[in-house]
J.: 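Attaching a single structure in structure tokens format; questions to follow.
Just so it is clear, the model here is predicted, and its values are computed rather than measured. The chain is numbered in sequence order, starting from 1.
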Amino acid sequence: MTTGHDHDVVELLLHQHTEIKELIAQVEGATGAEKRPPFEDLVRLLAIHEAAEEEVVHPTSRRAHVSDSVVDSRLEEEEEAKHVLAELYDLGVQHPDFDAKFHAFAEAVIEHSQLEEKEEFGQLLQETTKEERAGLATAVKVAEAVAPTRPHPGAGESALANLAAGPPLALFDRVRDAVRDWRHKTSS
């Protein structure tokens with residue numbers, strides 16, 4: 001389904017931030033096994049959202065004169081979030097430590113999204129045209145369509161992991177290359 005959010009990368013990302021916050025509230029409001037569906041939806045959305053930001057949005061933010069320190073901070077937060085999200089996923093929603101760990105994670109995710117909105121999105125609106133933002137929205141959707149659906153912070157750190165993860169990650173890498181090539185072509 002196409003919505004108005006699909007035609008502007010900032011609107012698309014703001015809409016996704018709202019969805020993320022809603023899923024966080026659903027997880028925190030549920031009990032026991034009822035947490036699993038919204039948590040799995042959150043894991044999927046965060047995994048594809050962050051992958052697309054890393055591939056499309058943050059490099060564009062640098063070209064839009066967002067400081068390297070701001071972009072680097074967002075990337076560090078996203079890397080940390082991948083690790084924590086993977087830990088939560090492995091822990092499971094019914095583990096006694098899940099709620100406390102999830103609450104801390106949720107606060108960090110919300111703060112991260114607020115910082116992106118404050119420190120990156122305004123600059124993107126100022127430094128890019130409506131047409132460029134529409135193209136970026138398309139690039140984000142392509143990146144999300146092929147992104148992993150859960151975090152893989154340790155993928156490739158061992159021979160066994162490379163054998164298991166290699167083929168699907170190779171496909172992901174080819175698409176990443178296509179997105180990268182598209183970015184370079186549109187920024188020239």
Side-chain angles (χ1 to χ4, degrees), residues 5 9-59 61 66-124 140-141 143-162 164-165 168-169 172 176:
H5 307 300
V9 72
V10 173
E11 289 299 318
L12 174 64
L13 296 171
L14 288 169
H15 179 74
Q16 289 179 349
H17 284 181
T18 298
E19 287 181 274
I20 289 165
K21 291 172 191 170
E22 289 170 356
L23 287 168
I24 286 170
Q26 288 176 28
V27 172
E28 290 184 327
T31 58
E34 293 174 359
K35 292 178 189 181
R36 186 172 291 116
F39 178 68
E40 288 176 354
D41 289 346
L42 178 64
V43 168
R44 182 187 168 283
L45 180 55
L46 283 172
I48 65 171
H49 175 83
E50 295 304 339
E53 283 187 341
E54 290 169 9
E55 289 302 310
V56 178
V57 179
H58 296 316
S61 291
V66 174
S67 77
D68 286 341
S69 65
V70 166
V71 175
D72 291 344
S73 292
R74 298 301 78 79
L75 288 168
E76 288 171 19
E77 293 160 5
E78 289 165 4
E79 186 61 29
E80 176 64 21
K82 285 180 199 174
H83 287 278
V84 175
L85 192 56
E87 289 172 16
L88 285 164
Y89 187 87
D90 291 340
L91 198 61
V93 297
Q94 295 192 59
H95 190 280
D97 296 335
F98 180 86
D99 289 342
K101 289 183 183 217
F102 182 81
H103 183 72
F105 170 77
E107 286 181 342
V109 167
I110 291 168
E111 180 181 7
H112 169 82
S113 68
Q114 291 169 337
L115 288 169
E116 283 179 336
E117 293 167 14
K118 178 183 174 188
E119 298 176 343
E120 285 187 74
F121 294 0
Q123 197 72 15
L124 285 173
V140 163
K141 288 183 282 186
E144 289 177 343
V146 297
T149 57
R150 61 175 290 233
H152 299 280
E157 292 182 352
S158 71
L160 182 57
N162 283 332
L169 290 177
F172 182 62
R176 282 180 149 187

J.: Kindly compute the distance separating CG (L14) from CD (E19), expressed to the nearest 0.5 Å.
T.: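 The CG atom of L14 sits 11.5 Å away from the CD atom of E19.
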J.: What residues, two or more places apart in sequence or in another chain, satisfy side chain to side chain donor-acceptor pair (under 3.5 Å) together with E120?
T.: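 Side chain to side chain donor-acceptor pair (under 3.5 Å) check on E120 returns H58, S61.
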J.: Can you list everything that forms a side chain to side chain contact (heavy atoms under 4.5 Å, CB included) with S67? Sequence neighbours excluded, please.
T.: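 Result, side chain to side chain contact (heavy atoms under 4.5 Å, CB included) vs S67: S69, V70.
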J.: Only counting residues at least two apart or in another chain, list the ones meeting salt bridge (Lys or Arg N to Asp or Glu O under 4.0 Å) with D97.
T.: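 D97 satisfies salt bridge (Lys or Arg N to Asp or Glu O under 4.0 Å) with no other residue.
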J.: Please name all residues satisfying side chain to side chain donor-acceptor pair (under 3.5 Å) with H95, sequence neighbours left out, ordered by chain then number.
T.: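 Side chain to side chain donor-acceptor pair (under 3.5 Å) check on H95 returns nothing, list empty.
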J.: Show me the pairs that pass ring-ring contact (aromatic ring centres under 6.0 Å, His included) and involve residues 104-123, at least two apart or across chains.
T.: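 Counting only pairs at least two positions apart or across chains, the ring-ring contact (aromatic ring centres under 6.0 Å, His included) contacts touching residues 104-123 are H17-F121.
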J.: Checking E78 now: which residues fulfil salt bridge (Lys or Arg N to Asp or Glu O under 4.0 Å) with it, not counting sequence neighbours?
T.: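 For E78, no residue satisfies salt bridge (Lys or Arg N to Asp or Glu O under 4.0 Å) once neighbours in sequence are set aside.
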J.: According to salt bridge (Lys or Arg N to Asp or Glu O under 4.0 Å), who are the partners of D41, at least two apart in sequence or on a separate chain?
T.: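 If we apply the salt bridge (Lys or Arg N to Asp or Glu O under 4.0 Å) test to D41, skipping adjacent residues, there are no hits.
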J.: Going by side chain to side chain contact (heavy atoms under 4.5 Å, CB included), name the residues that satisfy it together with Q26, two or more places apart in sequence or in a different chain.
T.: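 Q26 satisfies side chain to side chain contact (heavy atoms under 4.5 Å, CB included) with L23, P38 only.
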J.: Among residues at least two apart in sequence or on other chains, which ones pass side chain to side chain donor-acceptor pair (under 3.5 Å) with T31?
T.: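 Scan of T31 (side chain to side chain donor-acceptor pair (under 3.5 Å), adjacent residues dropped) gives none.
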J.: According to side chain to side chain donor-acceptor pair (under 3.5 Å), who are the partners of E87, at least two apart in sequence or on a separate chain?
T.: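 For E87, no residue satisfies side chain to side chain donor-acceptor pair (under 3.5 Å) once neighbours in sequence are set aside.
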J.: Can you list the residues that meet the side chain to side chain contact (heavy atoms under 4.5 Å, CB included) rule with A100, with sequence neighbours excluded?
T.: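 With sequence neighbours excluded, A100 shows a side chain to side chain contact (heavy atoms under 4.5 Å, CB included) to no residue whatsoever.
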J.: Once side chain to side chain contact (heavy atoms under 4.5 Å, CB included) is applied, do any residues pair with A30, and if so which ones, sequence neighbours excluded?
T.: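 For A30, the residues satisfying side chain to side chain contact (heavy atoms under 4.5 Å, CB included) (neighbours in sequence not counted) are E34, K35.
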